[in-house]
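What follows is one structure encoded as structure tokens, with my remarks underneath.
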Amino acid sequence: MNRRLAAGLLLLALLLGLALFSDSIAPHERGFMKAVRYDTVDGQEVMLVSPEPPSRFFLFGSDGWGYDLFSEMIHGLGWTLSIVFATALLRSTAALTAGLALGALRPTGLRRRRFSPLASIPGFILAAFVLYPVTINSRLPPVALFAVQSSLLALVELPALAESFAARSADVLGRPFVEAARTAGAGVPWILRYHVLPFAFTDWLESLPVQALSVAALVGKLGVLRIFVGGTILTVDPVIFLPAKGEWLGLLGYYYTGVRGQPWLFLAPFAGWMLILTCVGLLSSGTKAAWARSRRIEVPE
Amino acid sequence: MDSGRPDIRVLGRRAAAASLRFLASSLATFLVILFMAGLPLLISAKDARVEIDPERVLAAARGFLASALDGTLRTFKIGRTAWDLREIYPKFLSVSFLYTAIPGAAGILLGTVAGAAARSRRRGTLDRLTDLALGTPDFLLILAVQLGAVWILDTLGIDLSLGGNSRLALLPLSVMGVYPFFLARRCAAEASREAETSDYIAFARAKGLPEGWILRRHLGAAVIPRLEAELPVIVSFMQGSLFITERAFALPGMARLLFDSAFSGQRKHMMWTIYQYDHVVLSLTGLAVSGLLVFAALRLGLGAARKVLTRE
């Protein structure tokens, strides 16, 4: 095992450990809030009102309603890991399958990239339109809601990725060794399995961190629209859209208005996201190096 | 005898066919928009089940077409405040267009110059910075720029929101220009480095042609075609960033109108918002029109630059 893969697995294990034992690690239960509290400062009792900057009581600070950001983030980590990894995996795998099929069906004459006015309408808007009715005060079981959200996010940028896998497959299918295999009587499934897939697999590994990033951007933008992974709780008096599960990227979008007065609300989930991104990058490059080594291919650092 | 002039009837037929194609694709785009706008009405989650009701979408689309035809589609409401769409729609459209076209053009121009300047250098820190910028989610970049501006304002007392009250503010323009700048830089650097090692550049140098002339020619012949190929991606990406930029910097554009129509528009009672299907259709159409205009403007600009540089 190479160092990058080992570091990535270690970081993933750490994050999974935090997610699995969130109830024991988090100082407060999910949904804990304290808008006003009393503390002793320099021997005097003072009243502290939310939002509070990071302190011993609120490790990452609190928001305007008094929610403890550290506890919310610890409870939401599982949702963040699930949505980022599951959706990136789902999208990349679906795109690889579709790309192989497309490449085999039309090995030449891939369409030139053209501009469509519909491309001016961002994919996350369509995702928001579909998710809004099922996410706000959702009555779906959490797992079912997660499955709907993850599947839809996987679909959003699937065509472009599938097209790039199709181009790769078409490129490999046009090479002399494939022609030789075809002349020797190899069928399409055999050629795809033994000649195209090994090349496409490396691309698939490379696509994972890129897709994780893309999913993260989508989830963050949906958070700006108050559509959170795991559901949104809408209260009417006053009107508040609350993230039901404390998913990190949703928190980034949710707290972006706090950038001006309470930067900790933005910086804590941002730092958390950088940690996950590092983990994805290490796992991807480490797996790629291990795969190349097993096939005795030289891969530059 | 062939006079060398194109046949007027052939030109007429081509123009008619192109117009028909344009009308057909516009109609198809509009029908897709009518459907897209109906997505929140199509799906609902009741009693722990996802339900799909196409009749609601059809009714909303019929209502939109009826109100568009009888002229009642004129007001946009948030709470009890109403705006005349005939006044605000062109203004919102122009804001969206300007905040995409200006930073798009400036970003591509500056990025091309920066990329071409790196033609004789190996990949280095600037290339890694370019990769990092292109790999950062745009909404994080926008929010980080806001955070940085606030920090500079608080710490140094320098107001970066130059022209914040004017029609075009510097900060959102800069944020929108980041992606086209770095993408153009990467394209230009790659194309320039490839061209730098090519035989025709070596031949031009051997002939003793001036460096300025060589640079102009290879910018026109090698770099701009690559930028033209990447233009759909640049415009699509900028349209996505536009939504967050308009929201984060409170700009009155089409994306903002879309947000207000869909998520915080007319209120039935004090709390509950109503999804304004008609205005969502209008704002989606506005976004599509704005994107198309930006693409056309940038494409024309690149084409003109190519002609000027190569003199072909």
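By convention in this document, chain letters (A, B, ...) are assigned in the order of the sequence lines, proteins followed by strands, and residues within each chain are numbered from 1.
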*Which region of A:Ala216, side chain (C-beta onward) or backbone (N, CA, C, O), has a non-hydrogen atom less than 4.5 Å from a non-hydrogen atom of chain B, or is it both or neither?*
backbone

Looking at chain B, which one of [options] has the largest number of heavy-atom pairs inside 4.5 Å, strictly under?
options	answer
A:Gly220, A:Ala160, A:Ala144	A:Gly220
A:Val224, A:Leu131, A:Val210, A:Leu267	A:Val224
A:Leu218, A:Leu225, A:Leu252	A:Leu225

*By salt bridge (Lys or Arg N to Asp or Glu O under 4.0 Å), which residues pair with B:Arg226, not counting sequence neighbours?*
B:Glu190, B:Glu194

Checking [X] against chain A: side chain, backbone, both or neither under 4.5 Å from a heavy atom?
X	result
B:Leu258	side chain
B:Val280	side chain
B:Ala37	backbone
B:Leu292	both

*asked:* Here's one to test your reading of the geometry: is the NZ or CZ of B:Arg247 within 45 degrees of the ring axis of B:Phe259 and under 6.0 Å from its centre?
replied: yes

*Modelled atom types, side-chain donor and acceptor of A:Thr287 and A:Arg4, under 3.5 Å*: no

_In the structure I gave you, are the side-chain heavy atoms of A:Leu11 and A:Leu283 within less than 4.5 Å of one another anywhere?_
no

*Could you have a look at B:Ile33, B:Ile244, B:Leu242, B:Leu41 and say which one has the most heavy-atom pairs with chain A under 4.5 angstrom?*
B:Ile244

*Using 30° and 60° as the class limits, which term best fits the ring planes of B:Phe237 and B:Tyr179: parallel, tilted or perpendicular?*
parallel

_Short N-O contact, B:Arg186 and B:Asp131, less than 4.0 angstrom_ = yes

*Can the ring centres of A:Phe241 and A:Phe228 be said to be less than 6.0 Å apart?*
no

